[in-house]
Amino acid sequence: MNLNAIDRYAKSLIKEAGHKIRVSFFNTIDIDSKADANDLVTNIDKEIERFVVDRVKQDFPEHKIVSEEGFGDKITSLDGTVWFLDPIDGTMNFIHQRRNFAISLGIYVDGVGMLGYIYDVMGDDLYHAAKGEGAYFNDERLPQLEITPLEEALIGINASWVAPNTKVDNDKIIQLVTRCRGTRSYGSAAIELAYVSSGRIDAYISMRLAPWDIAGGIVIAQEVGAVATSLQGEAPHLLGTDTFIVTRPGLHEEILSKYIRLK
Ligand code: 2AM
Ligand code: CA
């Protein structure tokens, strides 16, 4: 298989999808909720997913595609070539802010991340990587990440985990956010992964992410030496939702062992 050709194909497909999303703002957007009142989806999430899924199925009939709104395939193993697509990562931002959302795409072969893309649609910024060939912010090569001490780290985390909750010990999270230099919350896992990879934040932590939220970002993160695991310290498995942490080298072990490791 020619991964260079697939890389060119994927980039042009993502840009075309991004253009469709920008044009969608000229029309009224229909908003629905899914599992709960704050779990939102729009007609645009569905239209963009359908557009990309149809193209991939037509042009790569032997590949699988796993995507958030259900137009793709259900998989039970990572054998073969699998595309992981989130047509709009950060749907709440898409609706409320009309910015700060991304198209997230990862292409895996037999479970190994080969190509990764995060397209900040309104910024027209594409973060991308091919395994072994480095990561890029548009045409700019992203440097290897260096170690930062926790005291100088900006951490991407949602404020709800600082309040009492059933997932993590919030006293420990209070200690973590007090010790680090500052916290940020962007509302799109893909963008936060892109920000870790480009050194704009130093870590990102989430209690529940799906494969399409992280598959593309993991490929990019690995190319710059970032470390991504579940909060149990295991490699992300991409067959269901899980907790997630990605950091610069050095920070990962300290954050997990002292503040947030789940059994
Ligand atoms: P989404 O916008 O595609 O739904 C925001 O908190 C981040 O978490 C976004 O990347 C969002 O993706 C993701 N997210 C929100 N609810 C989720 C859920 N129930 N399962 C997995 N990921 C979720
Ligand atoms: Ca989504």
Side chains of [X] and [Y]: donor-acceptor distance under 3.5 Å anywhere?
{"X": "Asp7", "Y": "Tyr117", "value": "yes"}
{"X": "Asp124", "Y": "Tyr119", "value": "yes"}
{"X": "Asp89", "Y": "Ser104", "value": "no"}
{"X": "Glu234", "Y": "Thr229", "value": "no"}
{"X": "Arg179", "Y": "Tyr259", "value": "yes"}

[X] (side chain) donor-acceptor with [Y] (main chain) under 3.5 angstrom:
{"X": "Ser197", "Y": "Ala194", "value": "no"}
{"X": "Gln232", "Y": "Arg261", "value": "no"}
{"X": "Gln222", "Y": "Lys131", "value": "no"}
{"X": "Asp110", "Y": "Gly80", "value": "yes"}
{"X": "Gln144", "Y": "Glu223", "value": "yes"}
{"X": "Asn165", "Y": "Val168", "value": "yes"}
{"X": "Asp73", "Y": "Ile65", "value": "yes"}

message = For the aromatic rings, using the six-membered ring if either is Trp, is the centroid distance between Trp83 and Phe60 under 6.0 Å?
response =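 Ring centres of Phe60 and Trp83 closer than 6.0 Å.
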request  = Apply the side-chain contact (heavy atoms from CB on, under 4.5 Å) test between Phe84 and each candidate in Asp213, Val66, Ile214; give the one that qualifies.
outcome  =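 Per the side-chain contact (heavy atoms from CB on, under 4.5 Å) rule, the option paired with Phe84 is Val66, out of Asp213, Val66, Ile214.
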Does any non-hydrogen side-chain atom of [Y] lie less than 4.5 Å from one of [X]?
{"X": "Tyr9", "Y": "Asp59", "value": "yes"}
{"X": "Arg22", "Y": "Met122", "value": "yes"}
{"X": "Lys46", "Y": "Val41", "value": "yes"}
{"X": "Phe101", "Y": "Val121", "value": "yes"}
{"X": "Met207", "Y": "Leu231", "value": "yes"}
{"X": "Ile173", "Y": "Ile157", "value": "yes"}
{"X": "Ser67", "Y": "Val52", "value": "no"}
{"X": "Lys172", "Y": "Leu176", "value": "no"}

[atom1] of [X]: more than 12 outside heavy atoms within 6.0 angstrom?
{"X": "Arg99", "atom1": "CZ", "value": "no"}
{"X": "His19", "atom1": "NE2", "value": "no"}
{"X": "Glu62", "atom1": "CD", "value": "yes"}
{"X": "Lys15", "atom1": "NZ", "value": "yes"}
{"X": "Arg200", "atom1": "CZ", "value": "yes"}

Of all the heavy-atom pairs spanning [X] and [Y], show the shortest one and how long it is.
{"X": "Ala203", "Y": "Thr247", "value": "CB-CG2, 3.7 Å"}
{"X": "Asn43", "Y": "Asp30", "value": "OD1-N, 2.8 Å"}
{"X": "Pro249", "Y": "Ile147", "value": "O-CG1, 3.6 Å"}
{"X": "Arg208", "Y": "Thr241", "value": "CG-CB, 4.1 Å"}
{"X": "Asn100", "Y": "Ile191", "value": "C-CD1, 3.5 Å"}
{"X": "Asn170", "Y": "Trp161", "value": "CB-O, 3.5 Å"}

Worked check of side chain to side chain contact (heavy atoms under 4.5 Å, CB included) between Asp39 and Ser33 = CA-CA 5 Å; Asp39 186 4; Ser33 54; 5.7 Å; no
Could you see if [X] belongs to whatever hydrophobic cluster contains [Y]? Use Ile, Leu, Val, Met, Phe, Trp, Tyr and a side-chain cutoff under 4.5 Å.
{"X": "Leu3", "Y": "Leu85", "result": "yes"}
{"X": "Phe244", "Y": "Trp212", "result": "yes"}
{"X": "Ile155", "Y": "Leu193", "result": "no"}
{"X": "Val246", "Y": "Ile205", "result": "no"}
{"X": "Val196", "Y": "Val227", "result": "no"}

Candidate pair Asp202 and Arg248, rule salt bridge (charged side-chain N to carboxylate O under 4.0 Å, His left out), full reasoning = CA-CA 6 Å; Asp202 303 294; Arg248 280 177 185 270; 2.5 Å; yes
Gap separating the [atom1] atom of [X] from the [atom2] atom of [Y], nearest 0.5 angstrom:
{"X": "Ile48", "Y": "Ser24", "atom1": "CD1", "atom2": "OG", "value": "7.0 Å"}
{"X": "Asn158", "Y": "Glu192", "atom1": "CG", "atom2": "CD", "value": "8.5 Å"}
{"X": "Phe51", "Y": "Lys20", "atom1": "CZ", "atom2": "NZ", "value": "5.0 Å"}
{"X": "Ile255", "Y": "Cys180", "atom1": "CD1", "atom2": "SG", "value": "8.0 Å"}
{"X": "Ile220", "Y": "Ile118", "atom1": "CD1", "atom2": "CD1", "value": "4.0 Å"}
{"X": "Leu238", "Y": "Ile218", "atom1": "CG", "atom2": "CD1", "value": "5.0 Å"}

message = The test is side chain to side chain contact (heavy atoms under 4.5 Å, CB included); show your working for Asp32 and Thr42 and say whether it passes.
response = CA-CA 6 Å; Asp32 261 329; Thr42 73; over 6 Å; no
Electrostatic pair Lys34-Glu69, nearest N-O below 4.0 angstrom =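 Answer for the salt bridge query: yes.
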Let me have the donor-acceptor pairs involving side chains of residues 132-143, under 3.5 Å, with sequence neighbours excluded, atom names and distances please.
{"residue": "Asn138", "atom": "OD1", "partner": "Leu126", "partner atom": "N", "Å": "2.8"}
{"residue": "Asn138", "atom": "ND2", "partner": "Asp125", "partner atom": "OD1", "Å": "2.9"}

message = For a ring-ring contact (aromatic ring centres under 6.0 Å, His included) check, start with the C-alpha distance between Phe25 and Phe94, then their side-chain angles and the critical distance, and finish with the verdict.
response = CA-CA 10 Å; Phe25 288 128; Phe94 171 71; 5.2 Å; yes
query = Do Glu253 and Lys258 pass the salt bridge (charged side-chain N to carboxylate O under 4.0 Å, His left out) test, and can you show the C-alpha distance, the side-chain angles, and the key distance before you say yes or no?
reply = CA-CA 8 Å; Glu253 185 48 34; Lys258 292 195 190 151; over 6 Å; no
query = How far apart are the C-alpha atoms of Ile88 and Glu68, what are their side-chain angles, what is the distance that settles it, and do they pass the side chain to side chain contact (heavy atoms under 4.5 Å, CB included) test?
reply = CA-CA 9 Å; Ile88 298 183; Glu68 178 161 24; over 6 Å; no
query = Given the rule in the ring-ring contact (aromatic ring centres under 6.0 Å, His included) test, do Tyr195 and Tyr186 qualify, once you have shown the distances and angles that lead to the verdict?
reply = CA-CA 10 Å; Tyr195 282 5; Tyr186 294 99; 4.8 Å; yes
task = Might you work through the side chain to side chain contact (heavy atoms under 4.5 Å, CB included) test for Val82 and Ile107, ending with a clear yes or no?
result = CA-CA 6 Å; Val82 184; Ile107 303 176; over 6 Å; no
